[in-house]
Amino acid sequence: MRMVDIIHKKRDGGELTKEEIHFFIEEYTKGKIPDYQVSALLMAIYFRGMTADETAMLTMAMVNSGDTIDLSGIHGHKVDKHSTGGVGDKTSLIVAPLVASVGVPVAKMSGRGLGHTGGTIDKLESIAGFQVEMSKEEFIANVNQYKIAIAGQTGNLAPADKKLYALRDVTATVDSIPLIASSIMSKKIASGADSIVLDVKTGSGAFMKTLEDSEALAKEMVRIGKKLGRNTVAIISDMNQPLGFEVGNANEIKEVIRVLRGENVEDLKTLSLELAVQMVLLAGRYPYYETAKMELEKNLINGEAYQCFKQFIRAQHGNTEMVDHIEKLPDSKYHIEVKAEQNGYIAAIDAEAVGIAAMYLGAGRTTKEDQIDHSVGVTLKKKVGDEVTVGDTIAILHSNQENPFESVQKLREAYGYSKEQPLTRPLIYNVIK
Ligand code: URA
């Protein structure tokens with residue numbers, strides 16, 4: 001088989017066979033096909049697209065390019081959750097103990113963040129002593145005993161995706177739906193879950209800016225999941241402003257704990273509940289949506305979900321004093337108030353700009369080697385639709401620099417104002433099954 005023939009076929013709009021897809025993935029992973037030929041194929045896929053069968057075969061070829069995690073030692077139906085990424089998105093940390101609190105096992109592999117703020121693991125490491133490195137046996141034992149464990153990603157999962165993603169990044173071929181869908185699903189399938197719930201973000205702060213594109217991506221991922229034997233559901237949720245009020249690391253953990261103690265941070269709680277409902281339904285824990293929602297909501301109010309979170313932190317050697325007393329979590333030296341510059345309503349908050357403001361403070365990484373400062377971040381005091389007058393505090397920067405000029409500037413740019421109250425957008429646009 002020759003790579004040039006595969007490129008030729010796709011360039012002319014042909015459908016690749018399983019053998020052709022496996023050939024290019026296997027040989028590229030081994031370093032036997034040069035980047036320039038794979039770049040050409042990626043561009044042909046970008047313009048010509050892929051059929052549902054081709055996309056599923058590409059996903060499976062990428063799964064088979066590396067290790068897969070065997071979760072068969074865990075009792076019960078394992079449901080994983082994945083978000084396409086958003087600013088202030090800490091839903092995993094609410095959803096995981098909430099789902100565990102009704103007896104559905106959560107075995108989660110999470111990554112560190114490269115971007116505006118930390119990933120789930122970085123946020124958890126705001127809690128002193130918290131350990132993410134554990135043996136496979138310990139991970140499985142923890143899930144069986146406490147119904148929840150979150151570990152750092154180990155093993156060589158979908159190495160073909162890692163190589164392809166890096167190449168797509170520099171060849172303007174990232175935003176192709178079959179390529180994104182197969183990239184995300186290959187990692188989820190290699191992680192060993194029985195079913196998958198996806199949170200596909202849409203809006204200015206999301207990877208997919210329009211509802212149409214977000215729905216197309218969600219449908220493709222649901223189709224791939226089902227084709228490969230994983231029941232998959234996707235929620236399309238809004239990312240036209242950050243989720244919740246906190247963006248950073250330790251401050252996001254504080255917000256998570258407040259929600260788990262029953263506080264109503266409306267958008268964050270609503271989306272977390274919806275994700276949790278979809279997860280427990282896929283696990284077969286309850287027969288009806290309404291029953292699932294009622295039971296999960298009950299566990300937020302009666303403290304069961306909070307107790308599950310605390311038990312999970314304790315099992316992974318975190319200091320639970322910091323959970324009970326959130327004021328003991330890392331805090332920065334300075335708290336700088338950013339004031340409204342106009343009278344009217346907050347019309348928009350550019351989530352990406354808020355994320356960048358937090359990153360400038362040290363809440364995120366620009367290179368893999370950067371150290372995160374868990375104590376810094378942004379608290380939004382006003383969100384879209386709130387009425388403000390000049391001089392009102394719209395946000396607080398938690399900083400270890402006395403004068404974080406760039407962050408203040410970025411945050412000011414993030415806020416848009418209007419004279420009229422803006423129309424409210426839905427938080428959840430659609431659930432695709
Ligand atoms: N996230 C991924 O993992 N892959 C993509 O292609 C895009 C976003």
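All values derive from a computational prediction rather than experimental measurement. Just so you know, ligand 1 is whichever comes first in the structure, and atom 1 is the first atom listed for that ligand.
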Check your understanding: If you measure from the Lys or Arg side-chain nitrogens to the Asp or Glu carboxylate oxygens, is any gap between E54 and K10 under 4.0 Å?
Key -> yes
Point to revise | Sidechain N-carboxylate O distance under 4.0 Å for E246, K254 | key: no
Review point. Considering only heavy atoms of F207, which atoms of ligand 1 have at least one such atom less than 4.0 Å away?
Key: 7 (C), 8 (C)
Check your understanding: Can you tell me the protein heavy atom closest to atom 1 (N) of ligand 1 and the distance?
Key -> Y165 OH, 3.6 Å
Study note, to complete from the structure: among protein heavy atoms, the one nearest atom 4 (N) of ligand 1 is S183 OG, 2.6 Å
Review point. On the ring face of Y28, is K163 found with NZ or CZ under 6.0 Å from the centre and within 45° of the axis?
Key: yes
Exercise for review: With sequence neighbours excluded, tell me which residues meet side-chain contact (heavy atoms from CB on, under 4.5 Å) with S92.
Suggested key: K81, K108, T120
Revision key, fill the gap. the protein heavy atom lying closest to atom 3 (O) of ligand 1 turns out to be K187 NZ, 2.5 Å
Point to revise | Min heavy-atom dist I184 to ligand 1 below 4.0 Å | key: yes
Review point. Looking at residues at least two apart in the chain, or sitting in another chain, which of them share a side-chain contact (heavy atoms from CB on, under 4.5 Å) with A206?
Key: K201, M239
